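Accompanying notes for the structure given below.
Below, each value reflects all heavy atoms present in this structure, side chains not excepted, and no hydrogens, waters or symmetry copies. In what follows, residues are counted from 1 in the order of the sequence shown. As the structure lists them, so they are numbered: ligands from 1, and atoms in each ligand from 1. Quick caveat, the model's predicted, so the values are computed rather than measured.
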Amino acid sequence: MTAPNNPPSFFVLGAGVIGLSTALTLRSAYPNSPITIVAKHFPGDRSIEYTSPWAGANWATFAHDNGPLEHYDRLTFNKFKKMIDEEGIGEEVGIGRMGMWGIFDEPIEKAGILSDGTGKLWFRELVGGLRELQEKELPEGAVFGLEFASTWRINTQVYLNWLQAQVLQKGIKTIRRHYSSLASLYADFPSTTLLINCSALGSLHLTDVRDTNLYPTRGQTVLVAEPKVPIERMYFRSPARIDPTVSYVFPRPNGGGVILGGSRQDGNWSAEVDMELSKQIMEKCCALCPELGRPEDLQVISHNVGLRRECLALLPSRVGGIRIELERLSNGVPVVHNYGHAGAGYQSSWGTAERAVELVRKALEPAAKL
Ligand SMILES: Cc1cc2nc3c(=O)[nH]c(=O)nc-3n(C[C@H](O)[C@H](O)[C@H](O)COP(=O)(O)OP(=O)(O)OC[C@H]3O[C@@H](n4cnc5c(N)ncnc54)[C@H](O)[C@@H]3O)c2cc1C
Ligand SMILES: *[C@@H]1O[C@H](CO)[C@@H](O)[C@H](O)[C@H]1NC(C)=O
Ligand SMILES: *[C@@H]1O[C@H](CO)[C@@H](O)[C@H](O)[C@H]1NC(C)=O
């Protein structure tokens with residue numbers, strides 16, 4: 001055990017949803033430790049290198065591994081629920097409850113949503129029940145649809161600021177700086193016990209951590225004004241849960257407007273808005289959600305491009321290879337990695353942060369106990 005007067009000290013690299021959530025989870029586990037977040041970008045910044053502000057975002061799981069990915073998403077769903085229902089955190093958090101229609105253009109066996117092994121929809125109870133949409137509710141060409149009774153929608157602008165405010169309130173220090181390697185970060189702060197790497201794609205440019213399994217999946221969205229007819233639910237439509245042609249409509253809570261998406265362009269780093277793609281997104285979303293009215297009447301607030309960061313699935317059955325691992329720098333300093341959340345960084349954030357902190361605990365256990 002570390003003596004209470006000499007608690008371990010931590011550096012977290014990255015201040016996206018993952019770095020901020022991981023630092024807060026670390027704070028709960030180590031209330032007396034010095035914790036510092038160092039990052040090039042913080043909430044409020046808008047850069048193609050910083051993915052978190054560009055997310056939709058909602059909770060609509062991609063996990064079907066009957067394993068850790070489902071666990072991370074479940075834990076995060078329940079954490080949002082606890083924050084809203086029990087901790088008395090109100091509108092300021094930027095998360096709201098809402099139902100959703102998921103419409104699929106392929107049969108359920110091909111939709112990539114049934115859990116490996118069980119063949120079930122693992123989130124049925126979690127979202128308060130799933131109702132199969134009736135024939136007459138489905139748009140032309142759709143094969144089936146599911147209504148999620150209740151899930152979460154996130155105003156990423158409000159939520160990221162809320163996370164940052166929590167970080168500051170809990171005595172976590174923040175430093176804005178770019179590092180080209182974890183070793184150079186350590187060299188500046190040699191009393192650090194352990195580093196946590198939540199740098200997402202940025203790590204591609206870290207010289208000592210070049211992870212060539214990491215690649216971007218470009219996502220384009222359009223933020224539009226809230227229509228006068230309230231939108232009652234979120235929508236997505238796609239052949240399968242993960243598909244380049246996905247369309248979605250997420251009304252954000254707290255005056256966040258409506259996010260229309262989307263696209264998934266693997267390996268594409270372009271930060272330029274593709275206006276033809278924006279036009280197609282608006283047309284498809286208006287067809288999906290009649291409350292939006294006609295595409296030509298939408299009030300466009302902004303066209304957005306974000307890069308999701310995926311790890312090549314190292315196991316063939318894995319959808320999205322989040323990397324949460326313990327490693328050591330060449331000088332022996334432990335590093336816990338938590339990156340590669342692809343399109344699920346918000347909905348898996350608290351679960352993956354828990355797992356990262358478990359690895360921190362393990363790394364700090366006295367060698368005798370290993
Ligand atoms: C269009 C789109 C829609 C999405 N929709 C959803 C959704 O509905 N639900 C959902 O759960 N997820 C969604 N996502 C995914 C989600 O946005 C990401 O998984 C999440 O934002 C990843 O967060 P992060 O903290 O890992 O990375 P980032 O937000 O990119 O943060 C990386 C941090 O690391 C810092 N950094 C990196 N390298 C260095 C360095 N060398 N030195 C210093 N600092 C460094 C950066 O400055 C930044 O602070 C969507 C993504 C996109 C693009
Ligand atoms: C840190 O994370 C990035 C991904 O964000 C990864 O590419 C890199 O290898 C990691 N750095 C180290 C030192 O392991
Ligand atoms: C990347 O995406 C942009 C915008 O949709 C497109 O114009 C471009 O052709 C794509 N590039 C590649 C290499 O696919």
Side-chain angles (χ1 to χ4, degrees), residues 11-23 37-43 45 47-63 72-73 76-77 80 100 151-154 156 159-160 163-164 174-182 184-185 197-209 214 216-223 234 236 244 246 248 250 252 259-278 280-281 304-310 320 322-323 337-349 352-353:
F11 261 83
V12 177
L13 182 66
V17 65
I18 300 305
L20 296 169
S21 312
T22 303
I37 299 179
V38 59
K40 184 173 175 187
H41 304 98
F42 278 92
D45 292 337
S47 159
I48 191 69
E49 294 176 23
Y50 186 38
T51 305
S52 295
W54 308 118
N58 77 350
W59 191 102
T61 187
F62 299 103
Y72 303 146
D73 288 1
T76 308
F77 188 102
F80 290 157
M100 180 175 71
T151 184
W152 305 107
R153 55 183 176 139
I154 301 166
T156 56
Y159 184 57
L160 289 171
L163 286 173
Q164 187 184 25
T174 51
I175 298 179
R176 186 186 291 257
R177 196 172 293 156
H178 178 262
Y179 276 100
S180 57
S181 71
L182 290 175
S184 59
L185 168 59
N197 178 12
C198 303
S199 66
L201 208 51
S203 56
L204 261 187
H205 308 293
L206 287 177
T207 50
D208 55 356
V209 226
L214 215 55
T217 296
R218 184 180 184 278
Q220 197 170 303
T221 64
V222 187
L223 179 65
M234 295 182 276
F236 79 78
V246 64
Y248 51 82
F250 300 163
R252 285 175 166 176
I259 280 284
L260 312 182
S263 70
R264 302 184 62 89
Q265 297 157 276
D266 285 345
N268 190 323
W269 296 86
S270 169
E272 300 293 311
V273 172
D274 177 343
M275 289 309 289
E276 185 50 40
L277 182 56
S278 283
Q280 290 166 14
I281 288 171
N304 314 299
V305 179
L307 302 178
R308 308 171 182 93
R309 287 66 171 272
E310 322 244 357
I322 303 178
R323 181 174 183 214
H337 298 286
N338 185 10
Y339 64 81
H341 295 69
Y346 283 83
Q347 68 198 12
S348 66
S349 54
T352 52

Proximity of [X] to ligand 1 by residue part, where a heavy atom lies under 4.0 Å:
{"X": "Y248", "answer": "side chain"}
{"X": "A60", "answer": "neither"}
{"X": "C198", "answer": "backbone"}
{"X": "I154", "answer": "neither"}
{"X": "F42", "answer": "neither"}

Numbering as shown, the atoms of ligand 1 that approach [X] to under 4.0 Å (heavy-atom distance):
{"X": "E49", "value": "30 (O)"}
{"X": "G306", "value": "53 (C)"}
{"X": "L13", "value": "42 (N), 43 (C), 44 (N)"}
{"X": "F250", "value": "8 (O)"}
{"X": "R309", "value": "27 (O), 28 (P), 30 (O)"}
{"X": "V17", "value": "20 (C), 21 (O), 23 (O), 25 (O)"}
{"X": "A57", "value": "7 (C), 8 (O), 9 (N)"}
{"X": "Y346", "value": "10 (C), 11 (O), 12 (N), 17 (O)"}

Is the side chain of [X] donor-acceptor paired with the backbone N or O of [Y] at a distance under 3.5 Å, no angle test?
{"X": "S21", "Y": "I18", "result": "no"}
{"X": "W54", "Y": "S47", "result": "yes"}
{"X": "R309", "Y": "L307", "result": "yes"}
{"X": "Q347", "Y": "T76", "result": "no"}
{"X": "S348", "Y": "Y72", "result": "no"}

Between R218 and ligand 3, which part of the residue brings a heavy atom under 4.0 Å of the ligand: side chain, backbone, both or neither?
side chain
Which segment of Q265 sits under 4.0 Å of ligand 3 when only heavy atoms are counted
side chain
What's the separation between atom [atom1] in [X] and atom [atom2] in [Y], rounded to the nearest 0.5 Å?
{"X": "R308", "Y": "D266", "atom1": "CZ", "atom2": "CG", "value": "9.0 Å"}
{"X": "S199", "Y": "L185", "atom1": "OG", "atom2": "CG", "value": "10.5 Å"}
{"X": "L182", "Y": "L13", "atom1": "CG", "atom2": "CG", "value": "6.0 Å"}
{"X": "R252", "Y": "L223", "atom1": "CZ", "atom2": "CG", "value": "6.0 Å"}
{"X": "K40", "Y": "H178", "atom1": "NZ", "atom2": "NE2", "value": "5.0 Å"}
{"X": "R153", "Y": "N58", "atom1": "CZ", "atom2": "CG", "value": "10.5 Å"}

Does [X] have a heavy atom less than 4.0 Å from any atom of ligand 1?
{"X": "W59", "result": "no"}
{"X": "G343", "result": "yes"}
{"X": "Y339", "result": "no"}
{"X": "Q220", "result": "no"}
{"X": "R177", "result": "yes"}
{"X": "A344", "result": "yes"}

For [atom], state which one of [options] supplies the nearest heavy atom.
{"atom": "atom 22 (C) of ligand 1", "options": "P43, S52, S349", "value": "S52"}
{"atom": "atom 18 (C) of ligand 1", "options": "A55, A342, G16", "value": "A342"}
{"atom": "atom 9 (N) of ligand 1", "options": "D73, V305, I259, N58", "value": "N58"}
{"atom": "atom 3 (C) of ligand 1", "options": "S263, S199, G56, G219", "value": "G56"}
{"atom": "atom 44 (N) of ligand 1", "options": "K40, H41, M234", "value": "K40"}

Tell me which one of F77, Y346, Y159, F250 satisfies ring pair (Phe, Tyr, Trp, His ring centres under 6.0 Å) with W152.
F77
[X] versus ligand 1: do any nitrogen or oxygen atoms come within less than 3.5 Å of each other?
{"X": "W54", "value": "no"}
{"X": "A15", "value": "yes"}
{"X": "G345", "value": "yes"}
{"X": "Q347", "value": "yes"}
{"X": "S180", "value": "no"}

Do R176 and D45 meet the salt-bridge criterion of a basic N to acidic O distance under 4.0 Å?
yes
Taking the side chain as everything from C-beta on, heavy atoms only, tell me whether [X] gets closer than 4.5 Å to [Y].
{"X": "N304", "Y": "I259", "result": "yes"}
{"X": "I281", "Y": "T221", "result": "no"}
{"X": "Q164", "Y": "T174", "result": "no"}
{"X": "D274", "Y": "E272", "result": "no"}
{"X": "D73", "Y": "W59", "result": "yes"}

Can you find a side-chain donor-acceptor pair between S278 and Q220 that sits under 3.5 Å?
yes
Which heavy atom of the protein is the closest neighbour of atom 8 (C) of ligand 3, given with residue, atom name and distance?
N268 ND2, 3.8 Å
Can you list the ligand 3 atoms lying under 4.0 Å from a non-hydrogen atom of D274?
4 (C), 5 (O)
